[in-house]
2 protein chains.
Amino acid sequence: MTKKKLGTWRIDRQLVEQISRHAAFGRRRKFKKNAMLYEQGEVSTRFYFVLKGLVQISIFRADGSEVVLELMGPETVCGEGSAFDGLPRFSSAAAIEDTEAIEFDTSKMTEIFRAHPEFATSLLRVTSLKQRVVAIRLKHLASREPQDRIMELLTRLEEMFAIDHPKGRLLVTHVTHEQIATMTGTSRVTVTRTLQRLREQNRIDIVDGHILLKRRPNTS
Amino acid sequence: MTKKKLGTWRIDRQLVEQISRHAAFGRRRKFKKNAMLYEQGEVSTRFYFVLKGLVQISIFRADGSEVVLELMGPETVCGEGSAFDGLPRFSSAAAIEDTEAIEFDTSKMTEIFRAHPEFATSLLRVTSLKQRVVAIRLKHLASREPQDRIMELLTRLEEMFAIDHPKGRLLVTHVTHEQIATMTGTSRVTVTRTLQRLREQNRIDIVDGHILLKRRPNTS
DNA sequence: GCCATCTCGTATAGGGCGATACAGCCCGGA
DNA sequence: TCCGGGCTGTATCGCCCTATACGAGATGGC
């Protein structure tokens, strides 16, 4: 179990198959590490189904600071929001590893939907799932408590990237305190302190550099 | 200019027409004030296009506290997220005024899309727009500064519900400090103080109980 | 007209977070 | 092997937010 980098997002197998089945409507593209899939502000009808690699989705504030929304690994969809509503991209997507993806274009989609309505349903499921994840993040970010914000991230990572462990669930994703800080809108120091506190509260543990979420008798 | 209650959300005319055109696939329903359109946790394939009234969308935290996501007025869509992804509702929707809406059911949607692919495209635009709004809210909620959080809400309200005024834009929506507090995740006192500070900074003004966003020479 | 309720303004005390700085650790490269 | 950089753990300090409380003004019911 090396420190493999994974994303922060996953969709279920059935949905992945549905989308893969319609891959012929898009074209395969490769992105070198540090290349941009798309940039905040541009208008585009393209969206991506990631096959390999890792893509970081972030929003840049007016003052230049960055809010990392997600890390999208294989078998995830990104960029579909702005591709469908036709407004400027609200986020940027950068390949942080060499990445392969299928690029779809929404401009011909209506006609494709006529012959393949199930593809429309699949895409609606994708956008709905994203809406859900973002709304739930909102619920927790609405709290000003760093502990809430951080536990939300950890729980989300657990659902997607944890493996069973005698004491609970072990996150195979490796994230630094710094990354947690930018994803939760707190400072790096506070992340360190909060994780420390969670350890004292016996809610988490650190095993070989990975975070272990302990089985909790009382629900959070 | 009475204190008319309006929502916090609006979609463009073209999209409204597109959806109205397919109203026959749903059925008209009425909800009395305080009735629930749907409740957090339930599984349902129904979603709503509000025609009249006002619906409050909120998420309840484990400790019982409420985060108000949106106030949906006429010509808005709600509930489509959980209706399409098939997972339990992550939010509740309560009519806070007598409300009329068209209730759609996603279970037969794939077949409808075959004959009306443009309806699928419209719905994708709706979900995409929602994703956008929530993501942008996330960007601001990621900040712990109350001023960021509150200005974000005001700016959003401005785009949707402001009228021109010699000095800037006047919000016709009336919101109490308390409501702003629950929507931005701060305390009522802080809202009062922050609005005070914004007034001193000459960024806003209060006119007849309504908030006026002053024309700003330098963009925020 | 009177009182209850809601909203807004303001004060105080306490705590926790941000900024900053620094030390120890691990790991990879020269 | 040694060095440098990134990551983690702490410490200090100042500031601002939360909780709480109270009063004034507006509003609405009776």
Side-chain angles (χ1 to χ4, degrees), chain A residues 1-5 33-34 56 61 63-68 71 96 140-154 171 173-201 204-212, chain B residues 1-5 33 61 63-68 96-97 140-154 171 173-201 204-212:
Chain A
M1 190 57 51
T2 58
K3 293 183 182 175
K4 195 181 169 193
K5 282 184 186 172
K33 182 171 174 173
N34 295 324
Q56 176 169 313
R61 296 213 192 89
D63 64 4
S65 62
E66 181 179 11
V67 179
V68 175
L71 295 173
I96 58 177
H140 292 274
L141 280 183
S143 162
R144 286 182 42 89
E145 303 292 323
Q147 186 156 328
D148 287 358
R149 292 163 166 253
I150 292 168
M151 274 308 291
E152 182 273 335
L153 178 62
L154 295 184
L171 297 192
T173 316
H174 180 73
V175 282
T176 68
H177 293 189
E178 189 84 44
Q179 286 177 308
I180 295 177
T182 67
M183 293 186 78
T184 54
T186 59
S187 72
R188 199 273 307 166
V189 175
T190 299
V191 172
T192 303
R193 265 196 304 235
T194 302
L195 291 181
Q196 208 71 15
R197 200 178 308 154
L198 286 169
R199 229 151 58 164
E200 286 163 14
Q201 291 173 10
I204 68 169
D205 211 339
I206 308 295
V207 178
D208 189 29
H210 290 265
I211 296 174
L212 170 84
Chain B
M1 190 57 53
T2 58
K3 293 185 182 175
K4 194 180 169 194
K5 283 184 186 172
K33 182 172 174 173
R61 296 214 191 87
D63 64 5
S65 62
E66 179 179 12
V67 179
V68 175
I96 57 177
E97 288 179 12
H140 292 274
L141 281 182
S143 162
R144 286 179 43 90
E145 303 293 324
Q147 185 156 328
D148 286 357
R149 292 162 165 252
I150 291 169
M151 273 308 291
E152 183 273 335
L153 177 63
L154 295 184
L171 296 193
T173 317
H174 180 73
V175 282
T176 67
H177 293 188
E178 189 84 45
Q179 286 178 308
I180 296 177
T182 66
M183 292 185 79
T184 54
T186 59
S187 72
R188 200 273 307 167
V189 176
T190 299
V191 172
T192 303
R193 263 198 306 240
T194 303
L195 291 181
Q196 208 72 14
R197 202 177 307 156
L198 286 169
R199 227 150 60 164
E200 286 162 13
Q201 293 173 8
I204 68 169
D205 210 340
I206 308 295
V207 177
D208 189 29
H210 290 265
I211 297 175
L212 171 83

Undergrad: Work out which heavy atom in A:T186 is nearest to a heavy atom in A:P146; give both atom names and the distance.
TA: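 Looks like CG2-CB, 4.1 Å.
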
Undergrad: Could you tell me the separation between the NE2 atom of A:H177 and the C1' atom of D:dT8, rounded to a whole number of Å?
TA: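 Computing the A:H177:NE2 to D:dT8:C1' distance gives 6 Å.
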
Undergrad: What does the inter-axis angle of the helix from C:dG1-D:dC30 to C:dA30-D:dT1 come out as, five pairs per end, nearest 10 degrees?
TA: 40°

Undergrad: Quick one: does B:L195's side chain get under 4.5 Å of B:L198's, heavy atoms only?
TA: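 SC-SC contact between B:L195 and B:L198 confirmed.
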
Undergrad: Quick one: side-chain hydrogen bond (donor to acceptor under 3.5 Å, both in side chains) partners of A:Q179, sequence neighbours excluded?
TA: none

Undergrad: Whole angstroms only, please: what is the CZ-P distance between B:R144 and D:dC15?
TA: 17 Å

Undergrad: Between atom CD in A:Q147 and atom P in C:dC17, what is the gap in whole Å?
TA: 9 Å

Undergrad: Roughly, in whole Å, what's the span from CD1 in B:I180 to P in C:dC6?
TA: 19 Å

Undergrad: Does a side-chain heavy-atom distance below 4.5 Å link B:L171 with B:L212?
TA: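 A side-chain contact under 4.5 Å is absent here.
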
Undergrad: How do A:E145 and A:I206 order along DNA chain D: which one's closest nucleotide is nearer the 5' end?
TA: A:I206

Undergrad: Between A:I204 (CD1) and D:dT8 (P), how many Å, whole number?
TA: 12 Å

Undergrad: Under the rule for side-chain hydrogen bond (donor to acceptor under 3.5 Å, both in side chains), what residues qualify as partners of B:Q201, not counting sequence neighbours?
TA: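 Testing B:Q201 for side-chain hydrogen bond (donor to acceptor under 3.5 Å, both in side chains), a comparison that skips the adjacent residues, returns B:Q147.
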
Undergrad: Is there a side-chain contact between A:R149 and A:L141 in this structure, where contact means two heavy atoms from C-beta onward sitting under 4.5 Å apart?
TA: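 Answer yes - side chains close enough.
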
Undergrad: Can you name the residues that form a side chain to side chain contact (heavy atoms under 4.5 Å, CB included) with B:T182, not counting sequence neighbours?
TA: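 Result, side chain to side chain contact (heavy atoms under 4.5 Å, CB included) vs B:T182: B:V68.
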
Undergrad: So if I take residues 189-200 of chain B and measure heavy-atom distances to DNA chain C, which residues fall below 4.0 Å?
TA: B:V189, B:T192, B:Q196

Undergrad: So does A:R188 get a side-chain nitrogen or oxygen closer than 4.0 Å to the phosphate oxygens (OP1/OP2) of D:dC7?
TA: no

Undergrad: So how far is it from A:T184 OG1 to A:H140 NE2, rounded to the nearest 0.5 Å?
TA: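 A:T184 OG1 to A:H140 NE2: 13.0 Å, rounded to 0.5 Å.
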
Undergrad: Scan for salt bridge (Lys or Arg N to Asp or Glu O under 4.0 Å) pairs involving residues 174-196 of chain A, sequence neighbours excluded, and state none if there are none.
TA: none

Undergrad: Separation of B:E178 atom CD from C:dT5 atom P, in whole Å?
TA: 16 Å

Undergrad: From the list C:dG18, C:dT7, D:dG9, which nucleotide is the closest neighbour of the side chain of B:T176?
TA: C:dT7

